[in-house]
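To keep things clear, I will list the structure first and then write my remarks on it.
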2 protein chains.
Amino acid sequence: MHYGYLNGTVRPVDELNIGITDLSLLRGYGLFDYFLTYNGRPFQWDWYWERFQNSAAGLRLPLPMSKDETYAVVMDLIGRAGGADVAFRFVLTGGYSADSISIGQPNLLIMTEDIHPVPGVQYEAGIRVMLDEYVRDMAEIKSTDYKRVILKALDIRAAGASDLLYHKDGEISELSRSNFFLVKGNTLVTPNRHILRGITRRTVIELAKPDFVVHERPVLLSELQDADEAFTTSSTKRVLPIVQVGDLTIGDGQVGPKSRFLLQRFDELVAKW
Amino acid sequence: MHYGYLNGTVRPVDELNIGITDLSLLRGYGLFDYFLTYNGRPFQWDWYWERFQNSAAGLRLPLPMSKDETYAVVMDLIGRAGGADVAFRFVLTGGYSADSISIGQPNLLIMTEDIHPVPGVQYEAGIRVMLDEYVRDMAEIKSTDYKRVILKALDIRAAGASDLLYHKDGEISELSRSNFFLVKGNTLVTPNRHILRGITRRTVIELAKPDFVVHERPVLLSELQDADEAFTTSSTKRVLPIVQVGDLTIGDGQVGPKSRFLLQRFDELVAKW
């Protein structure tokens, strides 16, 4: 069973409630973060905490707890989750609003969830993604705004695709919930603007450095044409190969050796986390 | 005291809670509507209900109640509110999500709130608005996404302004929570795309028809230069004159006779509602 923490109370997730005047409900004013545990320990805790702090500052919401206090809650919830590794979701909201528009005292929610692993076949065959001409507003803040991809879920499935790749003015930014990389020879290229800076992205860049040249820079849609490989990174997806973008086949349409290599390096890291 | 309705339960607003796995909280997936009562009756109920239905269809959320059932709830809540006219807020959410991303059974919240009238001085002196280069994603759906204006509230106040006027590629769309009109002679011009179609906007267009030519069409920023007057419309603002946009003074910087006339027509309509 999963437990959650809300403003000092710990209860089973399905018994936790929030008042209806919270600004996340009324005005979509909230941010979140999401990470996994490996071997019972939060993965890259320092980096996630840093990002959570940055998102909170970006939405001008003061954090109600220190890093150490929050870590104690995390470890308590891990203890209650029963032994298996879990996903953590943090949500920080604009709080209860007296006039339905002004920010109140932020509500902090911390909960565990089951990990929903990507089916193994997607690592073997790679995924297809649909192009979507869009750029997330305030992409660098991990806000709760996911209307677009939820609304398009049916279209994505109907197209036999797994996700959206956002682009605007000929420039690629990110997938709906993950980052994007191209491989060309021994070079990795990944967008550096209009994106959420993923922790898995950062981890993969670190892991790649001994063997690759890594360029973080604006990436053009046209660069897809002569890429050898492409992949996406997120907590849940790790290093997930992309073999088709819209109508365009990436490389030879097969999962490539560089993507496999980086996935293997990532799995080695988390195995001994 | 204000009461709210949530999925069959009616309680005081501050005793109503929603589970933390609701998609409005986790993913900003929700829509709302907002209207006032005059003389104890919901203003333009048919039009609000039609828009609420359209927003729900736009986010692919089935409505859990019929129009008549909803109206009965509205009248019940009016009865509980103690006699004064009230504001109504409807919120329809993506529901409780098993995996934090897939839509569930929508939760419908209906609540009354105090009306927060615009200070009378703003009708006498007019308001200033800041320009903001932005266009709302899915503006035609009354989604709960108001991060941008909440985040900019401090900047707006610091600039001595009351609101943001959104524009993109030289074209005006709307204010953060209200529609926009220009007056030139006996012509009213109001944007017809990238906007939420306001019920007050619709009402004012109807009221204006005997005395004005009304053009609903794309409106350029450059048209501000030689406008006689400008105003904004919303449930709460009614017909609120705008005398300055960014650094530009509209007309002679005073509230103009056409804006006053339309406000008066509006007030006459609601007085006998």
Side-chain angles (χ1 to χ4, degrees), chain A residues 2 4-6 11 13-32 34 58-61 87 89 91 93-94 96-103 107 109-111 113-114 116 134-138 141 143-154 176-177, chain B residues 2 4-6 11 13-32 34 58-61 87 89 91 93-94 96-103 107 109-111 113-114 116 134-138 141 143-154 176-177:
Chain A
H2 291 292
Y5 166 99
L6 180 61
R11 299 180 66 85
V13 163
D14 59 5
E15 295 176 18
L16 272 179
N17 298 293
I18 193 160
I20 57 169
T21 63
D22 188 87
L23 272 197
S24 65
L25 175 74
L26 299 184
R27 297 294 187 177
Y29 204 82
L31 61 96
F32 78 111
Y34 181 86
L59 286 189
R60 294 181 174 173
L61 297 178
R89 186 177 301 275
V91 183
T93 77
Y96 300 131
S97 179
D99 61 359
S100 307
I101 192 76
S102 302
I103 293 175
N107 286 309
L109 167 69
I110 301 175
M111 62 198 280
E113 298 179 356
D114 285 339
H116 299 287
Y134 179 63
V135 62
R136 286 184 68 195
D137 190 36
M138 301 183 257
I141 295 173
S143 89
T144 53
D145 182 12
Y146 284 77
K147 272 193 311 297
R148 190 170 183 99
V149 63
I150 292 174
L151 193 55
K152 295 206 168 192
L154 293 177
S176 73
R177 285 162 290 165
Chain B
H2 291 291
Y5 166 99
L6 180 60
R11 298 180 66 83
V13 163
D14 59 5
E15 295 176 19
L16 271 179
N17 298 293
I18 194 162
I20 58 169
T21 62
D22 188 87
L23 272 196
S24 65
L25 175 73
L26 299 184
R27 298 293 186 177
Y29 204 83
L31 60 96
F32 77 111
Y34 180 88
L59 287 189
R60 295 181 175 175
L61 296 178
R89 186 177 299 276
V91 182
T93 77
Y96 300 131
S97 180
D99 61 359
S100 306
I101 191 78
S102 303
I103 293 175
N107 285 310
L109 168 69
I110 301 175
M111 61 199 279
E113 298 180 355
D114 285 341
H116 299 288
Y134 179 63
V135 63
R136 287 185 69 196
D137 189 36
M138 301 182 258
I141 296 172
S143 89
T144 53
D145 183 12
Y146 284 76
K147 273 193 310 298
R148 190 169 184 100
V149 63
I150 293 174
L151 192 56
K152 296 206 167 189
L154 293 178
S176 74
R177 285 162 290 166

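The structure presented is a predicted model; accordingly, all values stated were derived computationally and were not measured. To find a chain, count down the sequence lines: A is the first, B the second, and so on, and within it residues start at 1.
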Quiz prompt | A:Leu23 side, atom CG; B:Ile150 side, atom CD1 - distance, nearest 0.5 Å | solution = 5.0 Å
Practice problem: Just give me the residue among B:Gly30, B:Ser100, B:Ala87 that pairs up with chain A most often, heavy atom to heavy atom, under 4.5 Å. | Solution: B:Ser100
Quiz item: Heavy-atom distance under 4.5 Å between the side chains of B:Arg177 and A:Ile101, does that happen here?
Solution: yes
Exercise. Sort A:Phe32 into side chain, backbone, both or neither according to what part of it lies under 4.5 angstrom from a heavy atom of chain B.
Key: side chain
Quiz item: To the nearest 0.5 Å, how far apart are CD1 in A:Ile20 and OG in B:Ser24?
Solution: 11.0 Å
Self-check item: Side-chain heavy atoms of A:Thr144 within contact of B:Leu25, under 4.5 Å
Solution: no
Quiz item: With B:Asp137, which residues qualify under side chain to side chain contact (heavy atoms under 4.5 Å, CB included), at least two apart?
Solution: A:Tyr134, A:Arg148
Practice problem: Identify which of A:Tyr34, A:Tyr146, A:Tyr96 forms the greatest number of heavy-atom pairs closer than 4.5 Å to chain B. | Solution: A:Tyr146
Practice problem: Go through the atoms of A:Ser102 and report whether side chain, backbone, both or neither lie under 4.5 Å from a heavy atom of chain B. | Solution: neither
Quiz item: If you count heavy-atom pairs under 4.5 Å with chain A, which of B:Arg60, B:Arg27, B:Glu15 comes out on top?
Solution: B:Arg27
Quiz item: For A:Leu109, is it the side chain, the backbone, both or neither that has a heavy atom under 4.5 Å from a heavy atom of chain B?
Solution: side chain
Quiz item: So how far is it from A:Tyr29 OH to B:Leu151 CG, rounded to the nearest 0.5 Å?
Solution: 4.5 Å
Quiz item: Do you know which of B:Leu61, B:Thr21, B:Ile103, B:Val13 has the most heavy-atom pairs with chain A at a distance under 4.5 angstrom?
Solution: B:Val13
Exercise. Select one option (side chain, backbone, both, neither) describing which atoms of A:Val91 are under 4.5 Å from chain B's heavy atoms.
Key: side chain
Self-check item: Largest heavy-atom contact set with chain B, pairs under 4.5 Å, which of A:Thr93, A:Leu59, A:Asp114
Solution: A:Leu59
Quiz item: Who wins among A:Arg89, A:Met111, A:His116 for the most heavy-atom pairs under 4.5 Å with chain B?
Solution: A:Arg89
